[in-house]
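Here the structure is a predicted model, which means the values were calculated and not measured. Labels below follow one simple rule: chain letters A, B, ... track the order of the sequence lines, proteins then strands, and each chain is numbered from 1.
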2 protein chains.
Amino acid sequence: MPIPNENDPKSRVWPIFLATHSRLIERIDEALTRAKLPPLAWYDVLWELEKAPDQRLRMHDLAKRVVLSRSNLTRLADRLVAAGLLYREPCPDDRRGSYCVITQAGLETRKTMWPVYGEQIEGLFACHLNAAETEVLIKAMTRMLKAL
Amino acid sequence: MPIPNENDPKSRVWPIFLATHSRLIERIDEALTRAKLPPLAWYDVLWELEKAPDQRLRMHDLAKRVVLSRSNLTRLADRLVAAGLLYREPCPDDRRGSYCVITQAGLETRKTMWPVYGEQIEGLFACHLNAAETEVLIKAMTRMLKAL
DNA sequence: AGTATATAGTTGCATTTTCAACTACTTTAG
DNA sequence: CTAAAGTAGTTGAAAATGCAACTATATACT
């Protein structure tokens, strides 16, 4: 979206990056909806919990990993709890805090979502990248993330 | 976020792509807020209008360009109108439709936002890409967009 | 022409997200 | 030990978003 020099690559790359991201997310969420599955955000939360040691994480940590504001995550977690995909457990060391723990149903839901999600990633994104390009993307973006 | 083979580049690139995008957007919006400027979405709309012939676009076209649902755009436009940055004009050819036209104040707001926005793009994103990488990103993402 | 279908845009309602308190507990410093 | 400051998480109210229904107009079909 930015401005001038529409032909200078340096200026074109950011708008393309933005457009690509939003169109891909749009498509993936559509696919999940069509399959009557929960949205992308749920997958992220479930997957972070599944990977975590003891399949549990403090709200704070979880929020950081999925890039959500704290209050936002509180309510997203409420919804997941209501859906039976995770539960909260008080934290023994720090009585202010609590853990989110993924349930069996949560594990299963994530597993059900994966084929649909994965197919979209492959078909819309990954299939357009050869090995060299993949490496370039990873290196460049990792650099950005480290600098943040 | 996806699943297995955390070490296979092909699997790692998508989660990194997602994380990079959300952290960058987060930072840029923070910078705009700090500078007491409107959010990114406003910039997009203003810039699309500024570029457009006669500095006006039909709602429909505008929505597609900024990747927003129609109803969403209606209300975003309402807010921009309320802020005096654009106005609506009935379309003579098609009496169902209307144009969004950017105002002088809209042009100025966009111009005020650019230094802050541009600085963030450069400092968080573009500065991490050399010429070759920039080309790779553009080519790969353009390919994805075309296929959508 | 006359009806059926499609398109542009808006609106009501439910859901989601954000912002600013607020509670409860922990840590630091005197 | 106590007071001050910091941290974890939740909550109420307001703003933003998405979905489905709706109005108005345009296009296609018979």
Does a side chain donor of either Tyr43(A) or Arg110(A) reach within less than 3.5 Å of an acceptor in the other side chain?
yes
Donor + acceptor pair across side chains of Tyr117(A), Trp14(B) (<3.5 Å)
yes
When you check the gap from the basic side-chain N to the acidic O, do Arg88(A) and Asp78(A) get nearer than 4.0 Å?
yes
Check the surroundings of atom CZ in Arg70(B): do more than 12 heavy atoms from other residues, nucleotides or ligands lie under 6.0 Å from it?
no
Gap between atoms [atom1] and [atom2], on [X] and [N] respectively (whole Å):
X	N	atom1	atom2	result
Asp93(A)	dG9(D)	CG	P	12 Å
Lys64(B)	dG9(C)	NZ	P	10 Å
Leu40(B)	dA16(D)	CG	P	15 Å
Arg75(B)	dT11(C)	CZ	C1'	6 Å
Asn72(A)	dT17(D)	CG	P	13 Å
Leu73(B)	dG18(D)	CG	C1'	14 Å

Protein-nucleic acid N or O pairs under 3.5 Å, nucleotides 23-25 of chain C:
none

Please evaluate the base of dC19(D) for a donor-acceptor partner in the side chain of Ser71(B) within a cut-off of under 3.5 Å?
yes
Would you say the base of dG9(D) and the side-chain of Arg88(A) have a donor-acceptor pair closer than 3.5 Å?
no
Is any side-chain N or O of Arg79(A) closer than 4.0 Å to OP1 or OP2 of dT17(C)?
yes
Earlier contact from the 5' end, DNA chain C, for Leu76(A) and Arg70(B):
Arg70(B)
Got a sec, which residues hit side-chain hydrogen bond (donor to acceptor under 3.5 Å, both in side chains) with Arg23(A), two or more places apart in sequence or on another chain?
none
Do Val101(B) and Leu73(B) belong to the same hydrophobic cluster, where Ile, Leu, Val, Met, Phe, Trp and Tyr are linked whenever their side-chain heavy atoms lie under 4.5 Å apart, directly or via other members?
no
Say whether Tyr99(A) and Leu107(A) are linked into one hydrophobic cluster, either directly or through other cluster members, by side-chain heavy-atom distances under 4.5 angstrom.
no
Contact list please: residues 20-31 of chain A against DNA chain D, heavy atoms, distance less than 4.0 Å, in numerical order.
none
At under 4.0 Å between heavy atoms, what does Thr74(B) touch on the DNA or RNA strands: base, sugar-phosphate, or nothing?
base
Earlier contact from the 5' end, DNA chain D, for Thr33(A) and Gly97(A):
Gly97(A)
Candidate pair Leu24(A) and Phe17(B), rule side-chain contact (heavy atoms from CB on, under 4.5 Å), full reasoning:
CA-CA 11 Å; Leu24(A) 290 173; Phe17(B) 176 74; 4.1 Å; yes
Which donor-acceptor pairs under 3.5 Å do the side chains of residues 28-38 of chain A make with protein atoms, sequence neighbours left out?
unit_1	atom_1	unit_2	atom_2	d
Asp29(A)	OD1	Leu40(A)	N	3.2
Thr33(A)	OG1	Asp29(A)	O	2.8

So, with a heavy-atom separation below 4.0 Å from DNA chain C, the residues of residues 52-62 of chain B are Arg58(B), Met59(B), His60(B)
With Cys100(A) as partner, the option from Arg56(A), Arg58(A), Met59(A) fulfilling side-chain contact (heavy atoms from CB on, under 4.5 Å) is Met59(A)
How does the hydrophobic cluster around Val136(B) look, that is, which other residues are in it when side-chain heavy atoms under 4.5 Å mark a link?
Val136(A)
Below 4.5 Å, heavy atoms only, C-beta onward: do Arg65(A) and Lys51(A) meet side chain to side chain?
no
